[in-house]
Every structure is written in structure tokens, then in C-alpha cells.
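Values below: every heavy atom of this structure, side chains too, minus hydrogens, waters and symmetry copies. So that the names make sense, note that chain A is the first sequence line, chain B the second, and so on, each numbered from 1.
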Amino acid sequence: MIKTESLTINSHALIRTYSDAGFKIRKDGTDEIYDEAIDPADSGRTYTETDESIEVEPEEIVDILTGGES
Amino acid sequence: MNNSEILGEEAAVRQIVEDDFSATNGVFEDDSITALRASSLRGKTNLKILSLPNCTNLGLDAINGNASLESVSLEKVKTIDSNNFHSANILKELVLPSVEGALGGNFARESYSIIHVDLGVGATKLNNDSLSSKICDELILRNPNQVVEITGSAYYANLVGHVYVPSALVSSYQTATNWAALYAKQPDLFRALENYTVDGTITGELNQTLANPEVQPVYTLSDQYFDGSTYIDTGVKLYDTDGKFTILMKVTIPSGYPSSGRYACCFSQSLGGGFYFHKNANSSDSMYVHFHPTGSTNGYLIDAYSSGEYLLYVRSVGLNLAMGTLNLDRSHHNVRNITRTGTLINHSNNLILGAHYDDSTNTYSYYLKGTMHKVKVYKEALTGHQILKELDSF
């Protein structure tokens with residue numbers, strides 16, 4: 001499911017969009033795919049959940065297994 | 001998908017399995033190679049100089065874990081799969097004029113010395129964890145037609161320097177997905193590419209008004225031992241009206257000092273709120289910056305170093321501070337950017353080395369015991385590139 005949360009950084013209002021199921025998301029009307037998206041709150045951008053999982057890159061797998069930098 | 005599938009049998013694909021490049025003093029130059037297979041140069045720790053003028057493709061992990069890699073020449077590389085330039089610990093520059101499309105994830109990840117990345121007009125996307133080395137003073141994105149996408153802002157959270165983009169796209173970058181969050185943290189993040197100068201010394205508008213491109217320090221110190229009871233008053237008042245200064249330092253603090261719960265102060269300025277940069281004797285053996293302007297905004301760096309030698313820097317531009325620590329082999333580099341609240345610090349007091357001066361009680365404390373090998377203080381805001389170049393000579 002697509003989730004959103006509001007952020008404020010240096011008085012800039014932003015909105016973070018992500019999939020709570022670990023899928024990548026697509027910006028509606030485009031081919032842009034993101035793991036998560038952070039936009040100005042007034043941008044009006046919307047996203048759709050894809051069926052593509054956020055992959056763990058091989059180096060990340062090593063870090064996860066070893067608990068830190070490899 | 002491997003390189004043969006990508007390029008077809010016509011492509012000259014060569015796998016370098018046995019060669020550790022020790023016989024060529026770390027140099028690998030070959031104009032017959034058109035692609036690097038997956039993992040072909042992975043872990044080649046003797047590799048120093050890589051020149052493949054006709055290579056157009058880098059496979060998965062092709063250039064990964066090359067701890068001695070100093071320079072690369074890959075002018076024709078078009079496609080870059082994931083994990084390339086990962087852990088190239090001393091590599092400083094990456095210029096890829098022919099790259100096209102999306103770069104693979106983990107591009108230049110954890111390559112802590114990279115400070116200059118230049119991607120040609122065809123680059124369209126930086127994938128997950130790219131450039132997550134926490135320092136890249138100059139990221140050049142030349143695509144004139146669109147914003148180069150990034151898939152998540154967290155990995156760029158500690159950008160010290162600037163992203164140079166075509167002037168017509170500056171406003172688009174400021175509101176682009178994930179870039180907007182970085183812009184919110186660092187209002188001067190995006191610069192017009194047309195203003196970028198490549199003289200090797202001056203970059204960015206901060207220094208463009210200088211008549212002399214060589215920025216000179218207003219105070220220097222070399223090889224000064226502090227015995228834990230003395231300090232040096234530099235006589236330097238850091239602030240004029242624009243809040244610009246840079247402090248660079250190489251210092252050795254003995255193992256086991258200071259004692260638990262104490263601090264060894266490297267430099268400080270007080271009055272109306274101040275700041276100090278000190279080693280904190282806690283369990284993580286951290287280097288710590290403590291900053292107290294009016295409104296009490298704190299910034300701090302924490303890392304654990306195995307030796308007592310540190311490279312430190314603080315750079316101020318108005319209310320924006322960048323603070324960094326590096327260990328000598330550049331395997332750790334932490335940088336923290338903060339935007340202070342309140343006003344600029346009153347500059348009536350001088351910068352003090354080796355102790356913390358508290359103007360409210362007119363006392364000195366937290367003395368340093370150790371050696372400052374070199375100190376340079378500037379009343380200008382050096383770019384991140386300049387800072388690292390200077391620290392190279394410390």
C-alpha cells in the first residue's frame with residue numbers, strides 16, 4: 001500500500017511517499033520508478049505501487065550478513 | 001545478464017582473472033577492451049591506474065574494492081551496472097562523459113575520497129545508494145533536457161558541496177522528487193553549470209570574487225605540542241559580517257587521553273554562544289563538535305578511530321556549518337552539515353587552540369594534551385574540494 005508522511009526541513013514542507021510492502025513506486029504519468037519519493041508538499045505528485053520489489057544489492061547483502069562495513 | 005548477452009559475440013570481451021597488476025606497477029591500460037565482465041577487476045587491490053579508452057560497458061561489480069585506485073580514464077563508457085567504483089578509497093575524481101541512461105545502484109558507494117563526479121549529457125538517473133560516501137563537493141550533471149533522477153535522498157544527506165546543473169534546470173532540480181529534500185537542507189545546493197570553473201583551485205561562487213584565486217590562511221601553526229595545561233590565543237576573530245571561515249587541523253591525541261568523562265578541546269570560540277571541537281572520552285572514542293549559538297543548536301560527529309591522529313575541518317557560511325573528521329588513510333570520513341538558528345556569533349573573542357574558553361567566567365578548561373601538526377585558519381569559506389586538497393598536504 002502506498003503510504004505518505006509529512007516532513008519539515010528548514011521550514012520547507014515536504015511529503016515522503018513509499019510502499020509499506022517494500023515495492024518500488026511509480027510517479028503517475030511518468031516512467032520514473034523510485035524506492036521512495038520525497039517531494040515538496042504542494043507538488044501534487046502522486047504515485048502508484050508497482051509489483052517490483054526493492055532489491056537488496058549484493059554489497060548490501062554482505063553488510064547485512066556481517067553487520068557492518070565489509 | 002552478462003556482457004556477452006549485452007554486447008553480442010562481436011564485442012571484444014576479455015576477462016582479467018589472473019593478473020594482479022603488480023608487474024605493471026598497478027597500471028592497466030588496454031585499448032582493445034570494449035567491455036568489462038562482471039567482477040573482472042573486483043578486489044584488485046594493486047590496481048592504481050585504469051585506462052580503457054574504448055570500453056563502453058562496465059558489468060556488475062566490474063570495478064569494485066580497488067583500494068589503491070588513483071585514477072580512471074573511461075571516456076567511452078556508456079552503461080554502468082551496479083556496484084561499480086564501490087570502495088575505491090583513494091579515488092578522488094570520476095569523469096564519465098559518455099554515460100547514458102541510468103547508472104547502476106551503489107555507484108561510487110563508500111568511496112570516501114571522491115570529491116568530483118562529472119556525468120555527461122546522457123545520464124538520466126542515479127540509482128539506490130549511489131554516491132553514499134558522504135562527501136562529493138562537486139557533482140556535475142550535464143543533461144540539458146531533464147533533471148537527473150535520484151531514487152532516494154537519504155544517501156546524499158551529507159553533501160557538503162554543490163551540484164552543478166544547466167542553469168535552465170536549477171529551479172526544476174529544487175522541486176524535483178528527492179532532490180527537493182536535499183535542497184531544503186542546503187539552500188545553496190544547486191549551482192549553474194555555466195558558473196563552474198575548472199582551474200583546480202577556485203570553484204563555486206563563494207570564491208569567484210577573489211582577485212587572487214589562491215586563498216590564503218590568516219593564521220597557521222605547525223608542530224605544536226600541548227602539554228595539557230596551556231593554550232594558544234590565535235588573535236583571530238573569525239567573523240566579519242558574512243560569517244565565513246574555515247579551520248583545518250591535523251592533530252594527534254594520545255591513546256587513553258583524555259580520561260573518562262573529560263574532553264580534549266582542539267579549538268573554541270566563546271561569547272554570545274560559541275563552539276568547540278573536542279575529543280570526547282566515551283566508549284565510542286568520538287570526535288565531537290559542540291556548537292552553542294543563541295538558540296543552542298548542537299551538531300556533532302561520532303566515529304571510532306583506531307589511531308589518535310585526526311584530520312578535522314569546520315567551514316562556516318553564514319548560518320550553515322559543515323564539520324568533518326577523517327582518519328589518515330581516508331577509510332573513514334564523517335561530515336555533518338547543520339544550519340544554526342540565531343544570529344552570527346559575536347566576534348569579540350579570539351579563536352583559542354588547545355582549550356575551551358568560557359567567557360562568562362573568563363576561564364579556560366578542557367585542555368588538549370597532544371600535538372597539532374598543522375593548523376590553517378581562513379576567513380573565507382573554502383569549497384569541500386579545496387578543503388580536501390589542502391588536507392592532502394597536511
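- Across all their heavy atoms, B/Thr151 and A/Tyr34 have their closest contact at CA-CD2, 3.8 Å.
- At most 12 heavy atoms of other shown residues, nucleotides or ligands fall within 6.0 angstrom of atom NZ in B/Lys78.
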TODO: Test side-chain contact (heavy atoms from CB on, under 4.5 Å) on A/Ile33 and B/Lys125 and set out the steps.
DONE: CA-CA 10 Å; A/Ile33 305 293; B/Lys125 189 175 185 179; 4.1 Å; yes

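- Around atom CG of A/Asp51, no more than 12 heavy atoms belonging to other residues, nucleotides or ligands sit under 6.0 Å away.
- Across all their heavy atoms, B/Ala180 and A/Ile38 have their closest contact at CB-O, 4.4 Å.
- For A/Arg45, the CZ atom counts as densely surrounded, since its 6.0 Å shell holds more than 12 non-hydrogen atoms of other residues, nucleotides or ligands.
- Side-chain N or O atoms of B/Asn178 include one that pairs as donor or acceptor with a backbone N or O of A/Glu36 at under 3.5 Å.
- Proximity to chain A (any heavy atom under 4.5 Å) is shown, for B/Ala102, by neither the backbone nor the side chain.
- The OG1 atom of B/Thr124 sits 9.5 Å away from the CD atom of A/Glu32 when rounded to the nearest 0.5 Å.
- To the nearest 0.5 Å, atom OG1 of residue B/Thr177 and atom NZ of residue A/Lys27 are 3.0 Å apart.
- The shortest heavy-atom contact between A/Ile9 and B/Ala181 is CD1-O, 4.0 Å.
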